[in-house]
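Remarks on the structure that follows.
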There are 2 protein chains.
Amino acid sequence: MTTLRDVAREAGVSVATASRAINGHSNVTAPTKAAVLAAVKKLNFVPHSGARSLTRRKTDTVGVILPDLFGEFFSEIIRGIDLVAHESGMHLLLGNMHGSTHETAAAIAAMRGRVDGLLVMPPDVKPELLSGYLDPALPTVLLNYDAGSLDLPFVAVDNYHGAYAMTEALLARGAKQVVHIAGPKHNRDARDRQRGFADAMAKIAKVQSPAILPGDFSEESGAQAARLLVQGRLPADAVFAANDQMAVGLIAELAASGMSVPGDILVAGFDDIPLARHLNPSLTTMQVNIDRLGSTAMMMLLRILRGETLAAASATILTPTLVARGTTGGAAGSAVAAKAPVLGAHG
Amino acid sequence: MTTLRDVAREAGVSVATASRAINGHSNVTAPTKAAVLAAVKKLNFVPHSGARSLTRRKTDTVGVILPDLFGEFFSEIIRGIDLVAHESGMHLLLGNMHGSTHETAAAIAAMRGRVDGLLVMPPDVKPELLSGYLDPALPTVLLNYDAGSLDLPFVAVDNYHGAYAMTEALLARGAKQVVHIAGPKHNRDARDRQRGFADAMAKIAKVQSPAILPGDFSEESGAQAARLLVQGRLPADAVFAANDQMAVGLIAELAASGMSVPGDILVAGFDDIPLARHLNPSLTTMQVNIDRLGSTAMMMLLRILRGETLAAASATILTPTLVARGTTGGAAGSAVAAKAPVLGAHG
DNA sequence: TTTGCCATTGTAACCGGTTACTCTAAACCT
DNA sequence: AGGTTTAGAGTAACCGGTTACAATGGCAAA
């Protein structure tokens with residue numbers, strides 16, 4: 001481990017001069033600088049970022065705390081964050097709350113002194129608990145969390161308008177009896193999507209209590225819904241699943257029961273997972289650009305780090321896009337944005 | 001920012017005592033300890049991990065450097081690493097070399113002083129260049145890199161035997177003329193798979209120069225191969241694509257040309273991406289447990305950090321598993337491991 | 001009562017950099 | 001020439017913890 005002291009000694013200068021030469025300060029003569037850099041090369045010196053960030057009070061790192069690492073969604077968010085972070089020379093420190101409140105506190109505490117800012121995706125249950133753990137002095141942006149009691153900037157997906165738009169589209173295709181397969185009850189995304197569905201049914205189709213089947217975002221729960229639909233002889237000419245995963249399970253089970261999609265029944269999902277376009281028929285869904293979620297949040301965090309003041313009022317809501325494909329009999333590939341501001345102030 | 005000094009003052013003790021009380025050292029009286037902890041609560045003190053790691057010379061963090069963040073593969077690796085890291089209370093610092101050599105050096109340098117060890121997945125081209133950047137004093141495990149000039153422990157996938165086994169299986173299904181769609185030329189995985197294919201054809205089918213079509217792991221290149229196959233009237237009764245992505249593109253294009261899979265031609269891929277089982281017919285492929293790649297590497301790194309000495313000789317080779325599905329007309333879901341040691345010393 | 005030992009606690013050096021402040025000497029001025 | 005400015009380099013404090021070593025004091029042993 002060669003240190004700056006070693007370099008200084010080798011170059012025959014003081015540590016201060018060595019430091020200045022390495023960091024390109026102007027008040028160093030050319031020959032002195034050359035001598036220092038030669039010593040750096042010779043000793044193979046690499047600055048100790050840990051020590052440096054201690055004095056600079058700047059780590060060039062942002063902490064990312066996610067509730068869990070579930071496949072596609074996680075990787076896309078990270079990719080989006082990294083894209084922006086990388087441009088600004090920032091590093092990513094990953095924290096995982098693994099669902100538990102205790103771990104969340106630990107993850108956040110462990111970040112102290114290691115990061116300049118935090119990107120946090122609160123767990124579904126009681127995100128308000130977070131406020132107790134978060135350091136008010138540490139710039140923080142919330143991911144996938146729309147409003148609430150915390151006065152922090154956040155970026156979220158407009159699930160409500162997305163679901164509303166999808167329901168509207170199904171009705172426009174001529175469906176009369178649209179059934180919704182809901183997501184987990186405690187999940188914020190799922191609740192908002194259900195609300196969007198119910199409101200659209202009430203406003204457009206004048207149906208006050210539309211049929212809603214329970215689900216938990218899993219493929220199996222989609223299949224279960226299909227069985228309920230078929231065996232229960234629930235009258236339905238369209239199904240709107242709260243996510244693609246369930247739509248996939250639903251379609252497979254419907255096919256097994258001899259029902260044709262979209263011939264007998266239209267199907268739509270939400271998320272646009274990669275699988276969606278490869279199904280046969282391909283799945284109509286609301287496209288959520290998950291990476292945008294990450295990159296937008298990172299951009300907001302960078303603005304705060306540059307000195308701007310952002311609060312909940314400067315939140316960003318990402319609007320999902322309707323992608324009409326085979327399962328609604330539509331022209332495969334056409335895309336329409338949900339009716340809502342693309343990027344707008346919230347509050 | 002409350003510091004340890006503040007806590008000590010508040011509790012009426014010295015910083016040394018405060019530090020000892022907080023870290024649970026035995027030589028502190030109960031009342032003193034209580035006073036310190038009360039002060040911690042009152043001032044909302046959270047230790048500064050950066051400063052702590054400077055003196056302890058231990059960061060409880062491992063650096064993960066990946067060539068790029070491509071979807072599924074990346075997220076699965078991270079998930080595997082995190083699984084093990086989390087158990088040991090380790091954090092993950094993400095570095096991204098974004099393909100370039102220059103960035104790789106920068107990413108590795110930036111890790112100095114921030115991590116206790118490194119998990120590096122070398123880029124396809126000249127992984128040997130790495131040795132110049134890597135700090136020999138920093139425990140390092142290589143990911144997805146099988147042998148080479150670096151004497152570092154690594155974990156890799158046995159692409160060769162996997163491809164050999166798949167080719168063997170296709171021949172066993174009665175195929176006479178198997179065509180391979182290769183991956184990018186500079187890609188190590190792709191080359192090994194092609195080698196496995198060629199050797200199997202030579203040894204089992206006694207074909208010395210089997211047909212090999214170019215590809216680049218993309219869906220489009222799979223479709224292109226299909227067109228070559230159909231228009232060029234290349235005699236073939238089975239196609240082994242170097243990855244699933246290409247197999248997907250291939251199948252879609254074959255279907256568009258009116259060819260039936262597996263009726264007219266058998267198809268197999270490699271990787272077992274989630275999409276594979278959802279295709280219709282479902283795709284026969286070699287299952288690579290990518291998360292295992294990450295968790296195994298992390299486990300090796302932990303062993304080094306605990307003081308064990310590991311070198312290239314203690315590498316781990318993960319053997320992929322054959323999953324026979326619809327595209328080879330087989331019993332969907334049966335799985336057979338490739339003939340090779342499951343976990344074994346290499347070299 | 002004095003000495004010795006041990007359990008607590010305090011002092012200060014240190015981890016590896018950064019930088020405010022000081023010092024020296026060369027260059028500039030009248 | 002004498003005084004002043006200023007560029008270049010050095011000294012040392014500091015970031016926020018940890019810990020070796022020193023100091024204190026209470027109690028048992030002599």
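Sequence lines set the chain letters: A, B, ... in the order given, protein chains first and strands last, and positions in each chain run from 1. Values below: every heavy atom of this structure, side chains too, minus hydrogens, waters and symmetry copies.
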Report the nucleotide, chosen from [options], that has the shortest atom-to-atom distance to any side-chain atom of [X].
X	options	value
F45(B)	dG16(C), dA9(D), dG17(D)	dG17(D)
H25(A)	dG16(C), dT19(C), dT9(C)	dT19(C)
L54(B)	dC15(C), dA9(D), dG17(D)	dC15(C)

Looking across every strand, which nucleic acid part, if any, lies under 4.0 Å from [X] by heavy atom: base, sugar-phosphate, or nothing?
X	result
R57(B)	sugar-phosphate
S49(B)	nothing
T32(B)	sugar-phosphate

What's the spacing between [X] [atom1] and [Y] [atom2] if we round to 0.5 Å?
X	Y	atom1	atom2	value
F45(B)	R112(A)	CZ	CZ	6.5 Å
I81(B)	R79(B)	CD1	CZ	11.5 Å
I77(B)	M121(B)	CD1	CE	5.0 Å
R114(A)	S53(A)	CZ	OG	9.5 Å
I65(A)	L93(A)	CD1	CG	8.5 Å

Kindly say if S53(A) contacts the phosphate of dC15(D), meaning a side-chain N or O under 4.0 Å from OP1 or OP2. no

On the nucleotide dC15(C), are OP1 or OP2 found under 4.0 Å from the side-chain N or O atoms that T3(A) carries?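 It does not, given that no N or O in the side chain of T3(A) lies less than 4.0 Å from OP1 or OP2 of dC15(C).
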
Close approaches to DNA chain C from residues 13-24 of chain B, in residue order (heavy atom, under 4.0 Å): V13(B), S14(B), V15(B), A16(B), T17(B), R20(B)

Using a 4.0 Å cut-off on heavy atoms, which residues in residues 104-116 of chain A reach DNA chain C? List them by number, or say none. none

Do you know which two heavy atoms are closest between I304(B) and P153(B), and how far apart they sit? CD1-CG, 3.8 Å

Please state whether the base of dG17(D) and the side chain of R56(B) form at least one donor-acceptor pair under 3.5 Å?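 There is none.
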
Angle between the two end axes of the helix from dT1(C)-dA30(D) to dT30(C)-dA1(D), five base pairs per end, rounded to 10 degrees? 60°

Nearest-Å distance, CG (L4(A)) to P (dC15(D))? 19 Å

Closer to the 5' end of DNA chain C via nearest nucleotide, is it V28(B) or T2(A)? V28(B)

So does D6(B) pair up with R9(B), basic N to acidic O under 4.0 Å? yes

